[in-house]
Amino acid sequence: MPQRMCGERRYRLRAVPVVVLLALAAAACTGGGGDGRGAEPTSGATLVSPAPDPEPVLAGPEVLTGHREIAWLGPRRGDGTFDPGPSTSEAPWLLVSCMADSGTPSLTVVYDAGSFTATCPSEEAGYSQHQLGAASAGSGPIRVRAPKSVEWFVSLQTEGR
């Protein structure tokens, strides 16, 4: 009989830590002021900061009213080239959104009949738009020349839906 009692104690001692752990886990999930954050840490607790938010991804330029996007490239950094193919519009638009890591560098967009420059601020995205002439209506590649510190997005848009 004494051996059985000793076995029962062992059983009880093993069960008590499991019950305590379950109770602590339940209290951690249900504590707090109902805002879903859990209980406030007690004194001596170590606070762990959440992982930082990922860097925002630069959004492309909005499609102009009455237009449709026929080609785009981005978001990217540094130089880039894309060939949108032939356009059915006589005067498509090239729209650029860009943002610099610091300062206000610029990028240059080069197309078959010319080029234009866009300034890229660091506090928020900068937007620029340029209407291509009839001679450059979707003929040839579009090249973007930009430093690696500039994230950019280019959209080629044409009239119609």
Side-chain angles (χ1 to χ4, degrees), residues 21-22 24-161:
L21 288 175
L22 289 173
L24 288 173
C29 291
T30 60
D35 62 0
R37 294 184 192 152
E40 291 294 319
T42 58
S43 62
T46 303
L47 295 176
V48 178
S49 298
D53 292 335
E55 288 188 33
V57 175
L58 181 68
E62 290 188 23
V63 177
L64 298 172
T65 303
H67 288 69
R68 64 186 173 90
E69 188 169 60
I70 57 174
W72 66 90
L73 183 61
R76 295 191 62 170
R77 288 182 175 269
D79 296 343
T81 301
F82 73 107
D83 191 346
S87 171
T88 58
S89 175
E90 290 189 17
W93 287 85
L94 264 176
L95 288 84
V96 176
S97 60
C98 62
M99 189 169 175
D101 292 338
S102 63
T104 53
S106 59
L107 61 76
T108 302
V109 178
V110 180
Y111 53 97
D112 63 327
S115 66
F116 68 95
T117 301
T119 301
C120 305
S122 58
E123 291 80 34
E124 59 184 32
Y127 295 93
S128 180
Q129 60 187 41
H130 186 80
Q131 188 170 22
L132 305 181
S136 55
S139 57
I142 296 170
R143 293 177 181 84
V144 177
R145 294 186 184 137
K148 293 271 187 199
S149 63
V150 172
E151 185 174 24
W152 55 266
F153 196 118
V154 176
S155 171
L156 182 64
Q157 299 179 16
T158 187
E159 287 185 63
R161 292 258 170 216

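Scope of the values below: all heavy atoms of this structure, side chains included, with no hydrogens, waters or symmetry mates. Only a predicted model underlies this, so the values are computations on that prediction, with no experimental measurement involved.
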Test side chain to side chain contact (heavy atoms under 4.5 Å, CB included) on His67 and Trp93 and set out the steps. CA-CA 9 Å; His67 288 69; Trp93 287 85; 3.6 Å; yes
Check the pair Leu132 / Tyr111 against side chain to side chain contact (heavy atoms under 4.5 Å, CB included), numbers first and verdict last. CA-CA 9 Å; Leu132 305 181; Tyr111 53 97; 3.5 Å; yes
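Pro61 approaches Phe153 most closely through the heavy-atom pair CD-CD2, 3.6 Å. Taking all atoms of both residues into account, the shortest heavy-atom contact from Ala100 to Cys120 is CB-O, 3.4 Å. Residues Pro147 and Pro105 approach most closely at CG-CB, 4.2 Å, considering heavy atoms. Of all heavy-atom pairs spanning Val150 and Cys98, the tightest one is CG1-CB, 4.1 Å. Thr158 and Ile70 make their closest contact through CG2-CG2, 3.4 Å (heavy atoms, listed as atom of the first residue, atom of the second, distance). The shortest non-hydrogen separation linking Trp152 to Asp79 is CZ2-C, 4.3 Å.
Using a 4.5 Å heavy-atom cutoff, the side chains of Val144 and Leu73 are not in contact.
For the atom pair Thr65 OG1 and Gln157 CD, the distance stands at 10.0 Å (nearest 0.5 Å). In this structure, Trp72 CH2 and Ile142 CD1 are separated by 13.0 Å, a value rounded to the nearest 0.5 Å. Interatomic distance, CD of Glu159 versus CZ of Arg68, reported as 11.0 Å (0.5 Å rounding). Atoms CG and OG, from Leu94 and Ser115 in turn, are 11.0 Å apart once rounded to the nearest 0.5 Å. Distance CG/Asp101 to CD/Glu151: 8.5 Å, rounded to 0.5 Å. Taking CD of Gln129 as the start and OG of Ser155 as the end, the distance is 10.5 Å to the nearest 0.5 Å.
Heavy atoms of other residues, nucleotides or ligands lying less than 6.0 angstrom from CD of Gln131 number more than 12.
A salt bridge does not link Asp83 with Arg143: every distance from a Lys NZ or Arg NE/NH1/NH2 to an Asp or Glu carboxylate oxygen is 4.0 Å or more.
In terms of modelled atom types and a separation under 3.5 Å, the side chain of Ser97 and the main chain of Ala59 share a donor-acceptor contact. Under a 3.5 Å cut-off, the side chain of Asp112 and the backbone N or O of Gly140 do not form any donor-acceptor pair.
Checked against Arg145 for a side chain to side chain contact (heavy atoms under 4.5 Å, CB included), the options Thr117, Leu107, Val110, Thr81 give a single hit: Val110.
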